[in-house]
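Working notes for the structure below.
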Amino acid sequence: MEKHNHDIIIIGAGLAGLRAAVAAAEVNNKLDIAVVSKHHPLRSHSVCAQGGTGAAMREKDSFDLHAYDTVKGADFLADQDAVEFFVRQAPQEIVLTEHWGCPWSRTAEGKIDQRAFGGHSFPRACFAADMTGFHEMHAIYGKAISYGNVRFYDEWFVTSLMVEGNTAVGLTAIEMKSGEMSAMRAKSIIMATGGHERIYEFTTFSHSTTGDGMAMAYRAGAPLEDMEFVQFHPTGLVPSGVLITEGARGEGGYLLNANGERFMKKYAPEKMELAPRDVVSRAEQTEMLEGRGLEGPYGPYIALDLRHLGEEKINERLPLIRDVAIKLGGVDPTKEAIPIRPAAHYSMGGIKANIKTETPIAGLYAAGECSCISVHGANRLGTNSTADCLVFGAVAGQEATKHALSISLRELSQDKLAAEERRLAEISRKEGTEKPPVIRDELRLIMNEKAWIYRRGDQLQSALKEIRELRKRFKNVRVEDKGKSFNTGFLSVLQLDFMLELAEVTVASALPRTESRGAHSRLDYPKRDDQNWLKHTLAYYAKDGPRLEYAPVTITKWQPVARTY
Ligand SMILES: Cc1cc2nc3c(=O)[nH]c(=O)nc-3n(C[C@H](O)[C@H](O)[C@H](O)COP(=O)(O)OP(=O)(O)OC[C@H]3O[C@@H](n4cnc5c(N)ncnc54)[C@H](O)[C@@H]3O)c2cc1C
């Protein structure tokens, strides 16, 4: 088995991971930093971010306003100290990425332009047309590879985290080209592996977004926080689920039902289409459930109408959306409305981490979508995720550096390495009767049908039972390809294993939360219940399914009030 040693290993090369690499390299040019990613960094989901990155950058805007919008959007479950820190750091990240080459769209006077987004009381989404993530990623990747001390392991698949005495000491990874497992030691490890949306069937996320890092940290003893809160984005293109950015509504797009009504006036008379995503998704779902959706070959849908914006504006501000709608939806938005419906879009939950991105495991940091710090609480506002990746990616890089400079490398347990090698070999040899894609598709349907926008206790209970049955069936899977090099069939089985684990945690966390808050909307408990449920869920790994604990929410300035828009 090959062995590699580094001071810091960052798992994941999306916005959070790359930002962490730059921050660490910036602090100390002698540190040996590695970035491990299961695909090339520029294929991370972050390149898909479309609409913008939120930061209070105008005179009439303020940190308090951005913070309050975020806290209210979060249905008061966000930790307010983290939110206050986050909004203060965001503007400088916009300026830094600008210096590194991100081509932010401009106003006529040449300032960085900002557009409106759902739940924000001020236009604060900085954007690079509708390809914000693509440009941010290229700028930061360019910066990261300019350092001599950042080594990239592209197309290396991390399989487990090694923890000794509650300290992270290393990891195991498969080099996809050779198919061989290596051991890696590090003084600090940063998890930046993104979300777990692929546990759902209808999602805006890349096929690679399978929650690996959350599952690995969980199995190694780190708690997963608030996993019941999954965001549904109001505008997934029918039938693929590919995102139509909220920027389309930020630029003035309307949502229409089958009667041609802008139905949002019933649900959010003030904010209309620019209410937060949980509110708009529920409104769309209700319209469709009550028979006011449009009917198409793929079931009911809602119309997103951009025609009144005119061809020139659509081409300038939303070129990608037009292209996507034509190629994947078969409609030209300058001439027809776009067929959309809500799609799974963000994991508010993740590896529990504090404002310094420290997890309860020493030497393990978490940033970006795999983490829960918690800035987004029960519902994230649009543009706050890329901003969160930049802000807390930088913090993770700095904190991991401090830690790495203060300790030495530790030995990995030979027994545990041998056990991981055996586990992987056993899976790769599996000759059972179950086909992995069948189990995967069944899992996604269960999540879509029973843990979707509206939830009910009996449905969650039945989802949990069915997921546990799938986990039993998973033991009897068959891995067809017995080859070593780029065995994507085998790797997708490892991803399926992670997804089954996280689906169980998501549903097990949702079941006892007998209230409706943010994205977790219970038909059997339609009201928010601050007396009993103004608290974070913590799920700890246990052999027979997650063990749940609860932790208080940090409130600095803003007491919970009724949430209207
Ligand atoms: C279509 C779309 C549009 C969006 N638009 C916006 C927007 O406009 N504004 C906004 O704020 N947010 C937006 N979001 C959300 C935002 O893009 C994501 O939350 C954010 O980019 C996540 O970044 P990340 O760095 O945490 O992870 P990702 O970019 O998902 O990267 C994860 C990394 O982890 C690596 N990895 C995972 N598992 C393993 C493993 N087992 N071994 C090795 N490596 C591994 C991957 O290779 C990858 O490099 C959008 C999301 C989507 C899907």
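Both ligands and their constituent atoms are indexed starting at 1 by order of listing. What you are looking at is a predicted structure, and each value in this text was computed from that prediction instead of being measured. By convention here, the first residue in the shown sequence is residue 1.
To the nearest 0.5 Å, atoms CZ (Arg440) and OG (Ser492) are separated by 7.0 Å. The OG atom of Ser509 sits 5.0 Å away from atom CD of Glu228, with the distance rounded to the nearest 0.5 Å. Taken to the nearest 0.5 Å, the OG atom of Ser208 stands 8.5 Å off from the NE2 atom of His45.
Considering only heavy atoms from C-beta on, Tyr68 stays 4.5 Å or farther from Ser121 through its side chain. Using a 4.5 Å heavy-atom cutoff, the side chains of Thr210 and His196 are not in contact. Looking at Arg277 and Val280, their side chains never come closer than 4.5 Å, going by heavy atoms from C-beta outward. Counting only heavy atoms from C-beta outward, the side chains of Thr235 and Arg249 approach each other to under 4.5 Å. For the pair Phe392/Phe85, a side-chain contact is recorded, criterion being any heavy-atom separation below 4.5 Å from C-beta on. Here the side chains of Thr204 and Tyr346 are not in contact, with every heavy-atom distance at 4.5 Å or above. Between Phe490 and Leu424, some side-chain heavy-atom pair lies under the 4.5 Å cut-off.
Cation-pi geometry between Arg151 and Tyr153 is met: under 6.0 angstrom from the ring centre, within 45 degrees of the axis. A cation-pi geometry, defined here as NZ or CZ lying under 6.0 Å from the six-membered ring centre and within 45° of its normal, holds between Lys72 and Tyr565. Remark: Arg341 is positioned above the aromatic ring of Phe202, its terminal NZ or CZ atom under 6.0 angstrom from the ring centre and at most 45 degrees off the axis.
Checking only distances, Thr209 never comes within under 3.5 Å of ligand 1, N or O to N or O. For ligand 1, none of its N or O atoms has an N or O atom of Phe117 under 3.5 Å away. At under 3.5 Å, a nitrogen or oxygen of Val158, whether backbone or side chain, sits near a nitrogen or oxygen of ligand 1. No N or O atom of Phe498 sits closer than 3.5 Å to an N or O atom of ligand 1. Considering backbone and side-chain N/O atoms, Cys389 never comes within less than 3.5 Å of an N/O atom of ligand 1. Taking any N or O of Ile11, backbone or side chain, none lies under 3.5 Å from an N or O belonging to ligand 1.
For ligand 1 and Tyr346, the ligand atoms under 4.0 Å from any heavy atom of the residue are 19 (O). For ligand 1 and Ala16, the ligand atoms under 4.0 Å from any heavy atom of the residue are 25 (O). Contact atoms of ligand 1 toward Ala13: 33 (C), 48 (C), 49 (O) (distance under 4.0 Å to a heavy atom of the residue). Shown in contact with Ala192 at under 4.0 Å from a heavy atom are these atoms of ligand 1, numbered in order with element: 32 (C), 33 (C), 34 (O). Every atom of ligand 1 with a heavy atom of Phe157 under 4.0 Å away is listed here by number and element: 41 (N), 42 (N). The contact set between ligand 1 and Thr386, taken as ligand atoms under 4.0 Å from a residue heavy atom, comprises 9 (N), 10 (C), 11 (O), 12 (N). Applying the 4.0 Å criterion to heavy atoms of Asn384 picks out, from ligand 1, the atoms 11 (O). Atoms of ligand 1 found under 4.0 Å from any heavy atom of Gly194, numbered from 1 in the order shown, are 26 (O), 27 (O), 30 (O), 32 (C).
A parallel orientation is assigned to the rings of His4 and His6, their planes being inclined by less than 30° (bins at 30° and 60°). Ring orientation note: the planes of His520 and Phe229 are nearly perpendicular, at an angle over 60° on the 30°/60° scale. Ring-plane geometry between His376 and Phe86 is classed as perpendicular, the angle between the planes exceeding 60 degrees on a 0 to 90 degree scale with a lower cut at 30.
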Using salt bridge (Lys or Arg N to Asp or Glu O under 4.0 Å), reason through Asp212 and Lys38 one step at a time and then give a plain yes or no. CA-CA 10 Å; Asp212 312 2; Lys38 66 182 175 182; 3.0 Å; yes
Evaluate side-chain hydrogen bond (donor to acceptor under 3.5 Å, both in side chains) for Asp226 paired with His536, printing each intermediate quantity in order. CA-CA 6 Å; Asp226 294 339; His536 298 294; 2.7 Å; yes
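Taking each of Gly12, Ala343, Ser385, Ser206 in turn, the one with a heavy atom nearest to atom 33 (C) of ligand 1 proves to be Gly12. Selection from Gln50, His45, His39, Met214 by nearest heavy atom to atom 2 (C) of ligand 1 gives His45. If you check each of Cys48, Ser46, Ser44 against atom 21 (O) of ligand 1, the one with the closest non-hydrogen atom is Ser46.
Closest to atom 6 (C) of ligand 1 among all protein heavy atoms lies Ala49 CB, 3.5 Å. Closest protein heavy atom to atom 38 (N) of ligand 1: Asp212 OD2, 3.2 Å. When hydrogens are left out, the protein atom nearest atom 3 (C) of ligand 1 is Leu243 CD2, 3.2 Å; that is the closest non-hydrogen contact. For atom 9 (N) of ligand 1, the nearest protein heavy atom (residue, atom name, distance) is Gly52 O, 2.8 Å. Looking at atom 44 (N) of ligand 1, its nearest protein heavy atom turns out to be Lys38 N, 3.0 Å. Of the protein's non-hydrogen atoms, the one nearest atom 8 (O) of ligand 1 is Gly51 N, 2.7 Å. With respect to atom 47 (O) of ligand 1, the closest heavy atom belonging to the protein is Ser37 OG, 2.7 Å. Nearest non-hydrogen protein atom to atom 26 (O) of ligand 1 is Glu369 N, 2.9 Å.
Proximity of Gly213 to ligand 1 is not established, as no heavy-atom distance is less than 4.0 Å. Between Thr245 and ligand 1 there is no heavy-atom distance shorter than 4.0 Å. Proximity of Val36 to ligand 1 is established by a heavy-atom distance of less than 4.0 Å. Using a non-hydrogen distance threshold of 4.0 Å, Met216 registers as a contact of ligand 1. In this structure, Thr383 counts as a contact residue of ligand 1, since one of its heavy atoms falls inside 4.0 Å of the ligand. Using 4.0 Å as the threshold, Pro41 has no heavy atom nearer than that to any atom of ligand 1. In this structure, Thr204 is part of the shell of residues with a heavy atom less than 4.0 angstrom from ligand 1. The closest approach between any non-hydrogen atom of Arg380 and ligand 1 is below 4.0 Å. Under a 4.0 angstrom heavy-atom cut-off, His345 registers as being in contact with ligand 1. Put simply, no part of Gly133 is less than 4.0 Å from ligand 1, judged by heavy atoms.
Only backbone heavy atoms of Trp156 (N, CA, C or O) come within less than 4.0 Å of ligand 1; its side chain stays farther off. Contact annotation: for Ser208 versus ligand 1, there are no heavy atoms closer than 4.0 Å.
Of the residues listed (Arg422, Arg423, Lys416), the one engaging Glu420 in a salt bridge (charged side-chain N to carboxylate O under 4.0 Å, His left out) is Arg423, and it is the only one.
Aromatic ring centroids of Phe205 and His345 lie under 6.0 Å apart.
Pairing each heavy atom of Ile321 with each of Ile338, the nearest pair is CG2-CD1, 4.2 Å.
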